[in-house]
Visitor: 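Below you will find the structure I want to go over with you.
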There are 4 protein chains.
Amino acid sequence: MNTNAVDANHLRAFLERIERLEEEKRAIADDIKEVYAEAKGTGYDTKIIRKIVSIRRQDAQKRAEEEEILELYLSALGVE
Amino acid sequence: MNTNAVDANHLRAFLERIERLEEEKRAIADDIKEVYAEAKGTGYDTKIIRKIVSIRRQDAQKRAEEEEILELYLSALGVE
Amino acid sequence: MNTNAVDANHLRAFLERIERLEEEKRAIADDIKEVYAEAKGTGYDTKIIRKIVSIRRQDAQKRAEEEEILELYLSALGVE
Amino acid sequence: MNTNAVDANHLRAFLERIERLEEEKRAIADDIKEVYAEAKGTGYDTKIIRKIVSIRRQDAQKRAEEEEILELYLSALGVE
DNA sequence: TCAGATAAAATCGCGC
DNA sequence: GCGCGATTTTATCTGA
């Protein structure tokens with residue numbers, strides 16, 4: 001088996017891993033859609049739920065960034 | 001426990017399911033990034049791999065659509 | 001002057017407007033870079049400044065989203 | 001007013017300049033979006049317009065690079 | 001089914 | 001030159 005064949009197999013392995021993961025990701029996206037559909041069927045306004053989820057996500061991000069900048073401040077002050 | 005409280009719990013349950021799923025989705029997205037990083041470390045050009053993945057995804061969609069239309073034809077012909 | 005020629009002129013006008021605006025945008029991006037460079041020259045850590053800017057931007061976005069969801073709530077309650 | 005206060009004011013000034021510029025940049029980005037919307041309303045396919053803009057931008061870059069290399073040649077020949 | 005909004009992927013550009 | 005963040009482009013999704 002020559003080098004190109006080996007490379008091809010190697011590349012193929014990467015492609016398969018990626019495509020496998022992307023499929024899983026798509027499946028989860030579908031699950032999320034289903035939850036929204038279920039919530040809607042229960043009488044909730046999905047637009048509001050999406051907004052709440054979005055705000056909570058931003059909270060988490062903001063908290064993470066604030067911790068990060070605290071690290072930067074401490075590091076800048078030589079407190080490491 | 002009044003109705004609003006019940007609703008709040010119900011809503012909370014939906015939020016938790018969604019956020020749990022979104023976290024899983026993010027984790028998988030990170031895994032994908034890692035695979036690309038590993039491929040890059042092995043000497044592959046990630047831009048090319050992305051192109052290949054994208055093309056194969058399109059192929060898969062095309063195949064699915066063609067099967068779908070074949071079903072439609074067969075169904076129209078009463079061959080179901 | 002036929003229709004195609006008219007269309008071509010119309011399209012050309014759109015292209016010119018877009019390209020003019022993009023040039024302005026690029027100029028402003030350069031200005032921002034210069035401010036960072038100046039701040040760095042004054043002894044500031046640009047990484048920290050970027051982080052502060054980012055956090056403040058998120059604050060603004062979050063505030064906007066919270067107002068938006070308040071509207072949604074009020075609207076859902078029939079208080080419009 | 002102690003040194004920290006002075007620094008704080010200095011930093012604040014940088015932040016304000018940056019945020020002012022970023023706001024202008026965002027405004028221009030919005031203008032661009034509006035032009036695309038207008039073009040779409042006039043019946044143009046924005047995807048195609050984006051492609052044209054992109055190609056023309058590449059042409060411009062190419063031309064700039066060619067001029068640059070011409071300068072280098074001339075300079076190497078002592079024709080400055 | 002379509003436009004408009006939202007989110008994801010790809011690309012670009014910067015600082016280190 | 002590489003990672004990383006921002007931007008931009010593409011794809012997906014929802015509600016009318």
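Numbers restart at 1 for each chain; the letters A, B, ... are given by sequence-line order, proteins then strands.
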Visitor: Between B/Q61 and F/dT12, does any side-chain N or O lie under 4.0 Å from OP1 or OP2?
Guide: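 True: B/Q61 side-chain N/O within range (under 4.0 Å) of F/dT12 OP1/OP2.
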Visitor: Are any of D/R57's side-chain N or O atoms less than 4.0 Å away from OP1 or OP2 of E/dT11?
Guide: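 No, no such contact exists.
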Visitor: In whole Å, what is the span from the CG atom of B/D30 to the C1' atom of F/dG3?
Guide: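 From B/D30 CG to F/dG3 C1': 15 Å.
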Visitor: State, yes or no, whether a side-chain contact exists between A/I52 and A/R56 at a heavy-atom distance under 4.5 Å.
Guide: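 Of all side-chain heavy-atom pairs linking A/R56 with A/I52, at least one is under 4.5 Å.
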Visitor: Any side-chain heavy-atom pair from D/N9 and D/R12 closer than 4.5 angstrom?
Guide: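 Yes, at least one pair of side-chain atoms sits under 4.5 Å.
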Visitor: Do the side chains of A/D59 and C/K62 get close enough for a salt bridge, i.e. N-O under 4.0 angstrom?
Guide: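 Yes, this pair counts.
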Visitor: F/dG15 phosphate, OP1 or OP2: any side-chain N/O from A/K40 under 4.0 angstrom?
Guide: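 Yes, because at least one side-chain N or O of A/K40 sits under 4.0 Å from OP1 or OP2 of F/dG15.
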Visitor: Between A/R63 and A/E67, does any NZ, NE, NH1 or NH2 come within less than 4.0 Å of an OD or OE carboxylate oxygen?
Guide: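 No, A/E67 and A/R63 are not salt-bridged.
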Visitor: Looking at C/R50, does any N or O in its side chain come under 4.0 Å of the phosphate oxygens OP1/OP2 on F/dC4?
Guide: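 Negative; the distance criterion is not met.
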Visitor: Rounded to the nearest Å, what distance is computed from the CD1 atom of residue B/I55 to the C1' atom of nucleotide F/dA11?
Guide: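 B/I55 atom CD1 is separated from F/dA11 atom C1' by 17 Å.
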Visitor: A/K47 NZ to E/dA5 P: how many Å, rounded?
Guide: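 To the nearest whole Å, that distance equals 9 Å.
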Visitor: Using a cut-off of less than 4.0 Å, is there contact between a side-chain N or O of A/K33 and OP1 or OP2 of F/dC13?
Guide: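 Yes, because at least one side-chain N or O of A/K33 sits under 4.0 Å from OP1 or OP2 of F/dC13.
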Visitor: B/Y36 OH to F/dC4 P: how many Å, rounded?
Guide: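 These atoms are roughly 18 Å apart.
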Visitor: Whole-Å distance between E/dA10 P and B/I52 CD1?
Guide: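 In whole Å, E/dA10 P lies 13 Å from B/I52 CD1.
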Visitor: Whole angstrom is fine here: how far is it from CG in C/D31 over to C1' in E/dG13?
Guide: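 Value for this atom pair: 17 Å.
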Visitor: How many whole angstroms separate atom CD of A/E22 from atom P of F/dA11?
Guide: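 To the nearest whole Å, that distance equals 13 Å.
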Visitor: Before accepting this row, confirm whether a basic side-chain N of the pair A/R57/B/E22 lies closer than 4.0 Å to the acidic partner's carboxylate O.
Guide: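 Yes.
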Visitor: Between D/I28 (CD1) and F/dT7 (P), how many Å, whole number?
Guide: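 Value for this atom pair: 13 Å.
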Visitor: On DNA chain F, does the nearest nucleotide to C/K51 precede the nearest nucleotide to D/A29 from the 5' side, or the other way round? Give the residue.
Guide: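 Counting from the 5' end, the first nearest nucleotide belongs to C/K51.
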Visitor: Check the phosphate of F/dC13 against A/T46, side-chain N and O only, distance under 4.0 Å to OP1 or OP2. Yes or no?
Guide: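 Looking at the OP1 and OP2 atoms of F/dC13, neither is under 4.0 Å from any side-chain N or O of A/T46.
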Visitor: Need one value for D/K25: base, sugar-phosphate or nothing, where a base atom within 4.0 Å counts as base even if backbone is also close, heavy atoms only.
Guide: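 Sugar-phosphate contact only.
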